2 protein chains.
Amino acid sequence: MESRCENCIIRQFNSLRAMSKEELKQVSDSKITKTVKKGEPLFEEGDKLNGVYCVRNGVSKLSKLSANGKDQIVKLASKGEVLGQRSVISQESTNLSAIAVDDMEVCFIPKESINNTLQKNPNFTLEVLRHMAHDLKEADDVIVNISQKTVKQRMAEAFLYLQNNFGEDSEGFLALTLSREDISNVVGTATESAIRIISEFKKKGLIHTSGKKIGIKDERKLLEMVEGF
Amino acid sequence: MESRCENCIIRQFNSLRAMSKEELKQVSDSKITKTVKKGEPLFEEGDKLNGVYCVRNGVSKLSKLSANGKDQIVKLASKGEVLGQRSVISQESTNLSAIAVDDMEVCFIPKESINNTLQKNPNFTLEVLRHMAHDLKEADDVIVNISQKTVKQRMAEAFLYLQNNFGEDSEGFLALTLSREDISNVVGTATESAIRIISEFKKKGLIHTSGKKIGIKDERKLLEMVEGF
DNA sequence: GGGATACTATGACAAATGTCAGGTTTTGGA
DNA sequence: TCCAAAACCTGACATTTGTCATAGTATCCC
């Protein structure tokens, strides 16, 4: 079960690929592999993180609690993503909670290994920087989407996002199954509104459902809806 | 008028302070000082940037056009901030427009100087990384605010933000004067709604106005409103 | 100074969205 | 297997917000 980072394929998807052999060895020696059950937190808003989490399997939601008691899901992270980087880099407590949406397998990497490499290996630092630049761009897009699109448009967009990023199962349902509440927290709306729009989309033949599973039926119309037609 | 980066105080506020003397010298030799008039763009969404802009004076709005034809202002950048970093780092065209809200004085620094230093000076890279980590955190906060707060709450927050970040003039008005439209684009609402809420706040004695200038009268109540009381 | 243009303001209305209240169904654990 | 809890769903209603229309006001440029 336990394995060496040097041989880990996951690494190819994130900034760790810019580490040297020796650095990876150090990471591998200090890392701790953990399993996290669905619904359990990797960390919570306000925690001081002593390291980062590299996702090997499963999906985590990154969310932030707002004053009115609702969570806003800012990002869904899956295989290959590294969580907690920002907190470790800026040496602040984290502003997001990370909760498992699936059963997960993650590697915890102590911050010393990361900070060490950040100071010595410019390639690694630059690689992390590039990733963060990308995340920031995505965040800007989310801001514009949320503020300028209707709930319906954002719902349509969310389904397409789930399809593109997590794919479909053999029966044509979205591979990542979220609760209605989670969906509403991604979109930034009330759970009832999310449910209502799901019903509406179903009636219009845009999606089909089975229990909490949702499948996309008419991708094109969903896309048009996102664009505002 | 023209001056050397080595002697520039502005630099202390941004990542350029992590540059070595030689690196700064190179930057200084290659930089171009520009003045940008109110309303003119530094760059526009989709442009490929050949460098970054270091703000010496004035304020710039960073905005993104949405499908429905409205701009969303994502950030207001003033003295000391470096614009266009993300685009240069990720080597993509920029996803935001930067337009002067004031008359501005900026230094354009060609990307070669930046990229060069990024690859050679881990301290500089790390410093840029820290800044970006901070920006990303702020962006997450904006996402949560926009999606979970009412327009009224966001308006109140915007005024407090302007007060905290740009201060007040001698008569107690916010030092940065934005048009009603710009305010609505910061908050993410219709201009009419913004105007209506300004009227309402005025009636309730939370703010006072004179022309387009706005002053905060009851900071405490505004704060309570943001928190949801 | 005067006219065009942009900005500010307000009312009336429609549409979108949230809230509350009440059901039904599904799920997970004893 | 069965029960309780959680999740899902729907209706009714209030509130928020956007849109359209229209008018006043400031500003800029010739």
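Not measured: the values here are computed from a predicted model. Just so it is clear: chains get the letters A, B, ... in the order the sequence lines come, proteins before strands, and each one is counted from 1.
If you find the closest nucleotide of DNA chain D to Ile197(B) and to Glu192(B), the one lying nearer the 5' end belongs to Ile197(B). Nearer the 5' end of DNA chain C, as judged by each residue's closest nucleotide, is the contact made by Lys202(B), out of Lys202(B) and Gly188(A).
With dC7(C), dG18(C), dT17(D) as the choices, the nucleotide that has an atom nearest any side-chain atom of Val151(B) turns out to be dT17(D). When distances run from any side-chain atom of Ser193(B) to the nucleotides dT10(D), dG18(D), dT17(C), the shortest one goes to dG18(D).
Residues Glu81(A) and Asn14(A) have side chains that never bring a donor and an acceptor to within less than 3.5 angstrom of each other.
Put simply, Lys149(A) has no side-chain N or O that comes within less than 4.0 Å of OP1 or OP2 on dA16(C). The phosphate of dT10(D) (OP1 or OP2) has no side-chain N or O of Arg196(A) nearer than 4.0 angstrom. Of the side-chain N and O atoms in Lys212(B), one or more sit less than 4.0 angstrom from OP1 or OP2 of dT8(C). Between Ser179(B) and dA6(C) there is no side-chain N or O to OP1 or OP2 distance below 4.0 Å.
Atoms CZ (Arg180(A)) and C1' (dT24(C)) sit 14 Å apart, rounded to a whole Å. Atom CD1 of Ile183(B) is separated from atom C1' of dA9(C) by 14 Å (rounded to the nearest Å). Counting to the nearest Å, the P atom of dT15(D) and the CD atom of Gln153(B) are 16 Å from each other. Regarding Ile198(A), its CD1 atom lies at a distance of 15 Å from the P atom of dA7(D), rounded to whole Å. What separates CD1 of Ile146(B) from P of dT17(C) is a distance of 15 Å, to the nearest Å. Taking atom NZ of Lys38(B) as the reference point, atom C1' of dC7(C) lies 11 Å away to the nearest angstrom. The distance between atom NZ of Lys213(B) and atom C1' of dT8(C), rounded to the nearest whole Å, is 16 Å. When rounded to the nearest whole Å, the span between CD of Glu200(B) and P of dT15(D) equals 14 Å.
Remark: the backbone N or O of Glu45(B) is paired with a side-chain donor or acceptor of Ser97(B) at under 3.5 angstrom.
If you take CG on Asp102(A) and NZ on Lys37(A), they are separated by 13.0 Å, rounding to the nearest 0.5 Å.
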List the steps, then state whether side chain to side chain contact (heavy atoms under 4.5 Å, CB included) holds for Phe43(B) with Leu83(B). CA-CA 10 Å; Phe43(B) 52 81; Leu83(B) 308 181; 4.1 Å; yes
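Thr191(B) comes within 4.0 angstrom of nothing in the nucleic acid, heavy atoms only. Within 4.0 Å of Lys70(A), counting heavy atoms only, lie sugar-phosphate atoms of the nucleic acid but no base atom.
The shortest non-hydrogen separation linking Val36(B) to Pro41(B) is CG1-O, 4.3 Å.
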